Amino acid sequence: RIIIENAGSQKGVFIIARGNELFEVATASVGEDGEWAVIQLENEFPVNKSTNVPQSIIQYIKRSQRSVILGDAGKDRTFKRDKYVVENGSKSIFALPIIGFGSDLKGILYLENSVVTDVFTHDRAELLQLLSSQIA
């Protein structure tokens with residue numbers, strides 16, 4: 001939650017890698033009352049069946065192990081047609097791979113702000129990557 005809140009996001013999803021599969025394990029979001037709700041799933045949920053994240057972005061990160069920073073997801077040439085982005089009116093998105101020893105993908109941290117564009121700057125992204133490296 002600390003990483004998510006300090007990033008300026010309204011929503012965060014933590015995804016872990018088990019072999020070649022990705023699983024959603026926790027979600028945090030801020031409600032209309034300004035309070036954070038953190039949900040840790042009892043069972044890992046396969047990301048490819050999730051409606052909680054944009055599949056095209058998650059699959060891109062899985063393949064490339066590169067971060068994605070979108071100032072306005074609805075206007076991005078690569079990801080604007082993603083079903084999640086279209087249906088949720090996503091604005092700012094920052095998703096980063098969590099890389100372990102030996103360049104193994106350990107997970108993905110997905111952050112979103114659906115109200116404000118350009119929330120995730122490259123400076124902020126560097127800080128978040130440093131903080132998230134402690135997770136691996």
Side-chain angles (χ1 to χ4, degrees):
R1 178 180 149 193
I2 292 169
I3 291 174
I4 296 166
E5 197 170 354
N6 286 313
S9 64
Q10 296 176 301
K11 174 182 176 180
V13 179
F14 184 59
I15 297 164
I16 61 167
R18 298 248 189 258
N20 199 33
E21 301 296 319
L22 297 174
F23 298 92
E24 187 176 320
V25 293
T27 301
S29 60
V30 65
E32 291 180 19
D33 60 358
E35 294 296 317
W36 280 91
V38 178
I39 301 168
Q40 186 166 355
L41 303 176
E42 289 183 29
N43 297 312
E44 298 171 354
F45 188 77
V47 166
N48 63 353
K49 296 182 180 177
S50 175
T51 58
N52 213 15
V53 292
Q55 293 295 321
S56 61
I57 293 174
I58 300 304
Q59 292 307 315
Y60 171 81
I61 294 170
K62 181 181 176 185
R63 281 191 315 274
S64 69
Q65 294 190 2
R66 297 181 63 154
S67 297
V68 171
I69 301 173
L70 303 178
D72 190 344
K75 294 181 179 177
D76 182 79
R77 284 187 304 161
T78 305
F79 300 111
K80 71 180 177 184
R81 290 183 186 89
D82 184 281
K83 183 179 179 180
Y84 176 89
V85 171
V86 171
E87 290 179 357
N88 293 285
S90 302
K91 301 275 189 240
S92 298
I93 291 176
F94 178 48
L96 69 150
I98 299 168
I99 308 297
F101 184 72
S103 299
D104 291 334
L105 181 67
K106 297 294 183 188
I108 297 171
L109 180 61
Y110 173 82
L111 305 174
E112 175 183 320
N113 187 310
S114 60
V115 176
V116 180
T117 58
D118 299 314
V119 168
F120 307 111
T121 64
H122 287 283
D123 289 342
R124 188 174 278 177
E126 286 180 20
L127 176 62
L128 291 172
Q129 286 175 325
L130 178 65
L131 291 172
S132 69
S133 70
Q134 302 304 310
I135 297 170

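Everything numeric here is computed off the predicted structure, so don't read it as measured data. The residues of the chain are indexed from 1 along the displayed sequence.
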message: Are the side chains of Ile57 and Leu70 in contact, using a 4.5 Å heavy-atom criterion?
response: yes
statement: Rounding to 0.5 Å, atoms CZ (Phe14) and CG (Leu111) come to a distance of 11.5 Å
message: With rounding to the nearest 0.5 angstrom, report the NZ to NZ distance, Lys80 to Lys75.
response: 10.5 Å
- prompt: Residues two or more places apart in sequence or in another chain: which of them pass salt bridge (Lys or Arg N to Asp or Glu O under 4.0 Å) with Arg81?
  reply: none
field: Test side-chain contact (heavy atoms from CB on, under 4.5 Å) applied to Phe79 and Val68, step by step
entry: CA-CA 10 Å; Phe79 300 111; Val68 171; 4.1 Å; yes
query: Do you know the tightest heavy-atom contact between Glu112 and Phe120?
result: N-CZ, 4.1 Å
- request: Look only at the side chain of Ser92 and the backbone of Asp118, and say whether a donor-acceptor pair between them is shorter than 3.5 Å.
  value: yes
- prompt: How long is the gap from CG on Asp82 to OH on Tyr60, to the nearest 0.5 Å?
  reply: 14.5 Å
query: Are any non-hydrogen side-chain atoms of Pro54 and Tyr110 less than 4.5 angstrom apart?
result: yes
- prompt: Does some side-chain heavy atom of Pro46 sit less than 4.5 Å from a side-chain heavy atom of Glu21?
  reply: no
field: Phe23 CZ to Ile16 CD1 distance, which is reported to the nearest 0.5 Å
entry: 7.5 Å
Which atom of Val53 lies closest to which atom of Ile58, heavy atoms considered: CG2-CG1, 3.8 Å
message: Donor-acceptor pair, distance only, cut-off 3.5 Å: does the side chain of Gln55 make one with the backbone of Ser50?
response: yes
query: Is there a donor-acceptor contact under 3.5 Å from the side chain of Asn88 to the main chain of Ser90?
result: no
- prompt: Run the side-chain contact (heavy atoms from CB on, under 4.5 Å) check on Lys11 and Asn52 step by step: do they pass?
  reply: CA-CA 10 Å; Lys11 174 182 176 180; Asn52 213 15; 2.9 Å; yes
- prompt: Does the side chain of Lys83 reach to within under 4.5 Å of the side chain of Thr51, using non-hydrogen atoms?
  reply: no
message: Can a donor-acceptor pair be found, under 3.5 Å and without considering hydrogens, that links the side chain of Glu44 to the backbone of Leu22?
response: no
message: Could you work out, with side-chain contact (heavy atoms from CB on, under 4.5 Å) as the rule, every residue matching Val116, not counting sequence neighbours?
response: Asn113, Val119
Val115 with Val86, same ILVMFWY side-chain cluster at under 4.5 Å: no
field: Spacing of CD1 belonging to Ile15 relative to OG1 belonging to Thr27, to within rounding of 0.5 Å
entry: 8.5 Å
task: Taking the side chain as every heavy atom from C-beta outward, state whether Leu105 and Ile99 have any atom pair closer than 4.5 Å.
output: yes
- prompt: Is Lys62 reaching over with its side chain to a backbone N or O of Ile108, donor-acceptor style, under 3.5 angstrom?
  reply: no
